[in-house]
There are 2 protein chains.
Amino acid sequence: MESQDLRNAGLKVTLPRLKILEILEGNAMRHMSAEDVYKLLLNEDADIGLATIYRVLTQFEQAGLVKRHHFEGGHAVFELERGDHHDHMVDVDSGKVVEFVSPEIERLQHEIAEKHGYEIIGHSLVMYVKAQEGRGGKTR
Amino acid sequence: MESQDLRNAGLKVTLPRLKILEILEGNAMRHMSAEDVYKLLLNEDADIGLATIYRVLTQFEQAGLVKRHHFEGGHAVFELERGDHHDHMVDVDSGKVVEFVSPEIERLQHEIAEKHGYEIIGHSLVMYVKAQEGRGGKTR
DNA sequence: ATCCGTGCAAAAATTTTGCAGCTGG
DNA sequence: CCAGCTGCAAAATTTTTGCACGGAT
C-alpha cells in the first residue's frame, strides 16, 4: 500500500498525494513533467492544483520516492524511484526514452571520481540517439 | 581571429557577438549562464541586452561553437566547444566543475546504443561528487 | 537602400510562494 | 482541535518574441 510510502516519508496521507503517487505508478509514461501529471489528474476526476503537484513532487524527491531529471528542453521530468538505478537513452526523433544499466560504466565512474579525490553522490547519464539506418535493429 | 569563427557559422561579425565570444574564450569560468555573461559584459563596458545574449548563445549553439548544458538548478549554462569532448564532475559543495574524458566509457556507450539498435548523436554525463573525507585529495 | 542585428520591453513558460480555508489523525 | 495541506492567484525566474531603430555592405 502506497500510504505506507507516504508515512515513511513523514508525509500525511492525503488525497492529492495518493493520486499523484498513483499516477506515477500506474502510468505507462515513466517520465512525466508536472504538467503531464496535472493533465492526467484532470482527466481522472481529481481537482488538484498545479502548485500542489510541484510541491508534492518536490517532497517526493526529497523523500527519495521520485527522481527529478533535467534532460533537454527547459522543464524537468519526474520518475518513480524504484531502487533499481539506471541511465537513459533518448531517441531524439521519437522522444522515446530507453532505460539501461551498465555496471562497467558505473565502476569506471567511481574510479574516475576517486582519481580526482572525490566520492560520487550521484550521476546523470543521458545518451541522445537515433535509430540506426543500415541495420534492421529494433523495429519502430 | 574569432571573426573567422563567426563567418564560418554564417553569422555577421558584430560587436556583441565578438564580445560574447571573447568572454567565453577569455574567462576562467568555463560554464556560464546567460546572466553570467551579461554581468561580465556590463563590467567590461559593453551595453548589450540580455535578450541579445540569449539570441547569440542560441546561434552559437546551432553553429556548434558552444554547448548548452542543463545540469541541476533550472537555468542552462553554456560552454565553448573546443572540439575536445569531455564530461563533467560537479562538486556539490563548492560548485566547482571538473572536466574529464574516459574513452572506455565512451566505447561502452556506443556498444550499449548499438545493442539497442541506435546510434549515438550525443550524450551528457554529469557526476555529482564531493571531496573524499579520509584523504587529502584536491585542496579546497 | 537593404537586410540583418540589436535593445528594450512585453510576453511566455516554468516553478515558487503567500494566504485563507479545509482536512486528516 | 491542531498541525499540516491544499487551491488559488500572485510573484519570481528563466527564456523568447515583437518592434522600431541603427549599422554594415
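Each chain gets a letter, A, B and so on, in the order the sequences are listed, and its residues count up from 1. Only heavy atoms go into these numbers, but all of them, side chains included; no hydrogens, no water, no symmetry mates.
Nucleotide D:dG23 holds its P atom 20 Å from the CG atom of B:L11, rounded to whole Å. One can place CE of A:M32 at 17 Å from C1' of C:dT14, the figure rounded to the nearest angstrom. The nearest whole Å value for the distance from the NZ atom in A:K19 to the P atom in D:dT6 is 14 Å. Rounded to a whole Å, the OH atom of A:Y38 is 14 Å from the P atom of C:dT14. Taking atom CZ of residue B:F60 and atom P of nucleotide C:dG5, one finds them 11 Å apart after rounding to whole Å. What separates CZ of A:R55 from P of C:dC19 is a distance of 13 Å, to the nearest Å. The separation between A:L6 atom CG and C:dG25 atom C1' is 15 Å, rounded to whole Å. Here C:dT6 presents its C1' atom at 12 Å from NZ of B:K12, a figure rounded to the nearest Å.
Between B:H85 and B:H123, the ring planes lie perpendicular to each other; the angle is over 60°, past the 30° to 60° tilted range. Below 30°, between 30° and 60°, or above 60°: for B:H116 and A:F100 the angle between ring planes is between 30° and 60°, a tilted geometry.
Within the structure, a side-chain polar atom (N or O) of B:R17 is placed less than 4.0 Å from OP1 or OP2 of C:dT6. Within the structure, every side-chain polar atom (N or O) of B:Y54 is placed at least 4.0 Å from both OP1 and OP2 of D:dT16. A close approach under 4.0 Å does occur between a side-chain nitrogen or oxygen of A:R7 and OP1 or OP2 of C:dG25. At the phosphate of D:dC5, neither OP1 nor OP2 sits under 4.0 Å from any side-chain N or O atom of A:T14.
Between A:T52 and B:A34, the residue whose closest nucleotide on DNA chain D is further toward the 5' end is A:T52.
Of the candidates D:dG7, C:dT15, C:dC4, C:dT15 carries the atom nearest the A:L50 side chain, counting heavy atoms from C-beta on. Comparing D:dG23, C:dT6, D:dG7 by their closest approach to the side chain of A:P16 singles out D:dG7. For B:A51, whose side chain is taken as the heavy atoms from C-beta onward, the closest listed nucleotide among C:dT17, D:dT16, C:dT6 is D:dT16. The side chain of A:V56 lies closest to D:dT6 when the candidates are D:dT16, D:dG7, D:dT6. Of the candidates D:dG4, D:dT14, C:dG5, the closest approach to any side-chain atom of B:H75 belongs to D:dT14.
Residue contacts for B:A76: at a heavy-atom cut-off of 4.0 Å it reaches the sugar-phosphate backbone alone, with no base atom in range. Heavy atoms of B:R68 sit nowhere under 4.0 angstrom from any nucleic acid atom. B:L15 comes within 4.0 angstrom of no nucleic acid atom, judged by non-hydrogen atoms across all strands. At a threshold of 4.0 angstrom between heavy atoms, the contacts of B:V13 with the nucleic acid are absent.
Tracing side-chain contacts under 4.5 Å through hydrophobic residues (I, L, V, M, F, W, Y), one never reaches B:V126 starting from A:V126; they form parts of separate clusters. Taking hydrophobic clusters as Ile, Leu, Val, Met, Phe, Trp and Tyr residues chained together by side-chain heavy-atom distances below 4.5 Å, B:I112 does not share a cluster with A:Y128.
Counting heavy atoms from C-beta on, the side chains of A:L18 and A:V13 come closer than 4.5 Å.
Under the 4.0 Å criterion applied to side-chain N and carboxylate O atoms, A:D5 and A:R17 are not assigned as salt-bridge partners.
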